[in-house]
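Please read the structure below before turning to the comments.
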Amino acid sequence: MRSRTTRGAAVSGALLGLLLPLAGLGQTAQAASGTTGSTAATGLHVSGGRLLEGNGNDFVMRGVNHAHTWYTGELDSLAHIKAKGANTVRVVLSSGDRWTRNDASDVANVVSECKANRLICVLEVHDTTGYGEQSGAASLDQAADYWISVKSALEGQEDYIVVNIGNEPHGNSGYENWADDTRGAIGKLRDAGFDHALMVDAPNWGQDWSFTMRDNAASVFAADPDRNTMFSVHMYGVFDTAAEVRDYLGRFTDAGLPILVGEFGHDHSDGNPDEDAILATTEQLGLGYLGWSWSGNGGGVEYLDMVEGFDPDAMTSWGERLFNGANGIAATAKEATVYGGSGGDPGDTTAPTRPGTPVASDVSAGGVTLSWGASTDDTGVTAYDVVRVEGASETAVRSVTGTSAQLTGLTAGSSYTFAVYARDAAGNRSERSATVDVTTSRGGDPAPDACSVGYSIVGQWQGGFQGEVTVRNTGTSTISGWTLGWRFADGQTITNMWGGTPGQSGAAVTVEPASYTTDIPAGGSVTIGFTGTWNGANTAPEAFTLDGAACTVS
C-alpha cells in the first residue's frame, strides 16, 4: 500500500465501467473452469475459479497484511494475528531494489513462522509498487528474478504459501503494459520450476480504475500453463460505493475467474472506501479478503493500523471492525485443513468455560481498565472478546489475548455496562461473563495555556486539500475525552477525517477523539488528519479551543 491515484481520474473511470459491458471476461469461464494445465495440482491451486487446498477443500482467505520488511523484529505479530482469528497473512517482502532485501534465510524463517502459527502465507514483493510512476520502483520481471533467487526457501511449501509476484505493479503511467508484463513474469516463474499458486495485483496502484486487469484477466489466466493464477484488487477510494464493489467482484465470479481483495481499509486520503460493502460482498460471493494492515503505517495513513505499536491488546477501531464486526475475520475465517482444520466443521466443538466477572480499575473521564478470571478450554483459549451491553443488545469493544483490557474513547460522566466472552482457535465461544457497571469521571477543562495546536496543509489541489492538526498537552496531567474546536475563515468543509470524529456547523468545527487518540499524556501529543474542500482561499484557522479553553497556536 502506497500513495494512490487522484480521485477525479479514479471516479470517472469507475463510473464509466459500471455502464460498459465486460468485453473479454465473459469469454474466459471455460479456461478458468479447468483444474490445472500441464501439471497435476500441487498444494494450493486454482480450480473452477476457486482457490483449493491440495486435498480439494475450498479455501477462502480471511486475514491481514503485515509489513515484515520494515519491521523484521515483529514476527510475533503472526501469533497475534492468528489469535484474533485470521487464517491467512500477507507478508511484505523486499527484493532489495527499494528497501533492504529479504534473503532466502529470512523468507524461510517467515514461512516457518506462518506454519508454526497455522496461517496460510501470501508472500509479496513490495518494490514493484507504482512502477512507471514511482521513482525507483522495480519491474515485474525484476520481481520474478527475486523469487527465483529465493526459490530454495519456497520449494516444497506449495501447501502453505501463495506467491504474490509484485505489489501494485503499475501506477497511473504505463499501466497499459500490465497484461504483457504479468504474462511475462508468470512464464518466467513457471519456466524456473515454480508449481506454487501465483497471485497478481492490479495496476493503477492496485485499484484498477482503468479496468486493465479486469478486461485482460482472461488472457493472463490462460497464459499460465498451470492455470494456477489468482487476481488481487486493492480497494480504497475508488471503491466508495456498494455498486462499484459488487460490479467489480461479480464480473470475475460470473466469468469463473479467481479474485480476492488483497488490500483494503476503512478510510483513505483518496476517498472513503465502503468497507461494509467489501466485507458483505466477499462473504456473499465466498471470496477472500486481506485488510491493510496490522501495524506500523506512516506517511499520513497511520489510521490504517489495526493495533497500536504492534500491541495486540491495543486494537484500533479499524481493527475492531475488521476482526470482530459483521462479516469480519473472527466470524468467517476457517483454518486450512492442512493444519487440521476441517473447512467450517471443526472437530473441536467444546466451548471455553465462562470467564470470571470483570473488575473495573483506573476509571478516568475517557477510559477504564477491566480485569477478569481466566477461562479454561480443552485446546486452549486464544482470545477474549469484550462487549458493551445495552439491554438486549451487545456491541464489540475489543479483543485481547490476556485477561485484562484497557478501554479508551469513553465519554466523560457516562455509564457503561461491559462483559467478556472467551474464544478458542476453532471459533467456539464461551457463555458471556457476568456484567460490570462503570461510570466514567466527569474530567475537567485543561488549565489555561495547557495546550497548543499546530495546523498545516499537507497537500492542496483544485477545490480540495489535506490538512493535519497536532494537539499537544503542555500541562502536567493527562487530558482525556477531549473536544477540539476551531472556525474556518473561508468556508472550508471537512469531507473525511482520521484520528477523530468531526462535527461541522457552518464555519464552526468540533472534533471528538478516536479510541486511540482519546488520551493525551502530559508533554505528549496526538495528530488528526483530514481531507476537505475549499473555494477561493484556504486560510488556516486563527484560534483553537480544547474542552472550551483556549490553546496557543504553534
Side-chain angles (χ1 to χ4, degrees), residues 1 3-19 22 60-65 168 201-202 204-211 213-214 231-254 259-293 297 301 303-306 316-332 395-396 464 466 493-502 514 529-533:
M1 202 282 297
S3 57
R4 304 289 169 190
T5 178
T6 58
R7 180 65 182 145
V11 171
S12 62
L15 293 179
L16 179 63
L18 292 175
L19 303 176
L22 184 56
V60 180
M61 294 184 182
R62 290 283 192 268
V64 304
N65 288 262
E168 301 177 3
D201 280 9
N204 308 131
W205 300 94
Q207 298 202 74
D208 202 25
W209 58 260
S210 65
F211 300 128
M213 183 174 81
R214 188 196 72 175
F231 300 91
S232 172
V233 63
H234 295 179
M235 290 189 166
Y236 293 98
V238 169
F239 293 92
D240 57 358
T241 69
E244 290 164 326
V245 173
R246 288 193 295 265
D247 180 81
Y248 192 92
L249 297 177
R251 289 175 185 256
F252 277 81
T253 57
D254 288 347
I259 182 75
L260 86 159
V261 182
E263 285 185 23
F264 70 107
H266 68 304
D267 203 352
H268 203 270
S269 56
D270 72 348
N272 189 0
D274 190 340
E275 69 275 14
D276 292 335
I278 294 168
L279 289 162
T281 303
T282 51
E283 177 65 9
Q284 178 186 7
L285 298 176
L287 303 178
Y289 62 71
L290 302 170
W292 186 278
S293 74
N297 284 287
V301 294
Y303 53 86
L304 288 174
D305 281 359
M306 296 169 192
T316 66
S317 57
W318 168 224
E320 289 289 354
R321 173 65 188 94
L322 181 63
F323 279 97
N324 300 318
N327 303 307
I329 291 171
T332 65
T395 303
Q466 180 177 337
T493 59
I494 292 176
T495 57
N496 194 28
M497 179 173 283
W498 49 98
T501 302
F530 67 93
T531 55
T533 63

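Sequence positions, counted from 1, serve as the residue numbers for this chain.
Among all heavy-atom pairs drawn from Pro273 and Gly265, the shortest one is CG-O, 3.2 Å.
No side-chain N or O of Asp267 forms a donor-acceptor pair with one of Trp318 less than 3.5 Å apart. Neither side chain, Thr316 nor Asp305, offers a donor N or O lying under 3.5 Å from an acceptor on the other.
Note: Tyr303 and Trp498 have tilted aromatic rings, judged against thresholds of 30 and 60 degrees for the angle between ring planes. Relative ring orientation between His268 and Tyr236 is described as tilted, the plane-to-plane angle lying within the 30° to 60° band.
Here the side chains of Val261 and Leu287 are not in contact, with every heavy-atom distance at 4.5 Å or above. Inter-residue side-chain proximity for Arg321 and Asp276 is flagged as met; some heavy-atom pair is nearer than 4.5 Å. Looking only at side-chain heavy atoms (C-beta outward), Trp205 and His234 stay at 4.5 Å or farther from each other. Counting only heavy atoms from C-beta outward, the side chains of Val233 and Met213 approach each other to under 4.5 Å. By the 4.5 Å heavy-atom criterion applied to side chains, Thr332 and Tyr289 are counted as neighbours. In this structure, the side chains of Gln284 and Leu249 stay at 4.5 Å or more apart for every pair of heavy atoms. In this structure, Thr282 and Val60 have side chains that are not in contact, with every pair of non-hydrogen atoms separated by 4.5 Å or more. Looking only at side-chain heavy atoms (C-beta outward), His266 and Leu304 come within less than 4.5 Å of each other.
Annotation: the span from Gln207 atom CD to Glu168 atom CD amounts to 7.5 Å, rounded to 0.5 Å. From Met235, atom CE reaches atom CG of Asp208 across 9.5 Å, with rounding to the nearest 0.5 Å. Taking CH2 from Trp292 and CG from Asn297, the interatomic distance works out to 6.5 Å, rounded to the nearest 0.5 Å. Note that OH of Tyr248 and OG1 of Thr281 are 14.0 Å apart. Values are rounded to the nearest 0.5 Å. Remark: Asn324 CG to Leu322 CG distance equals 9.0 Å, nearest 0.5 Å. Between the OG1 atom of Thr253 and the CZ atom of Arg246 there is a distance of 12.5 Å, given to the nearest 0.5 Å.
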Practice task
Let me see the working for Val238 and Asn204 under side chain to side chain contact (heavy atoms under 4.5 Å, CB included), right down to the final yes or no.
Solution key: CA-CA 10 Å; Val238 169; Asn204 308 131; over 6 Å; no
Exercise for the section: Evaluate side chain to side chain contact (heavy atoms under 4.5 Å, CB included) for Asn327 paired with Ile278, printing each intermediate quantity in order. Expected result: CA-CA 9 Å; Asn327 303 307; Ile278 294 168; over 6 Å; no
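Between the Thr531 side chain and the Thr495 main chain, no donor and acceptor come within less than 3.5 Å of each other. A side-chain donor-acceptor contact under 3.5 Å links Asn65 to the backbone of Gly291.
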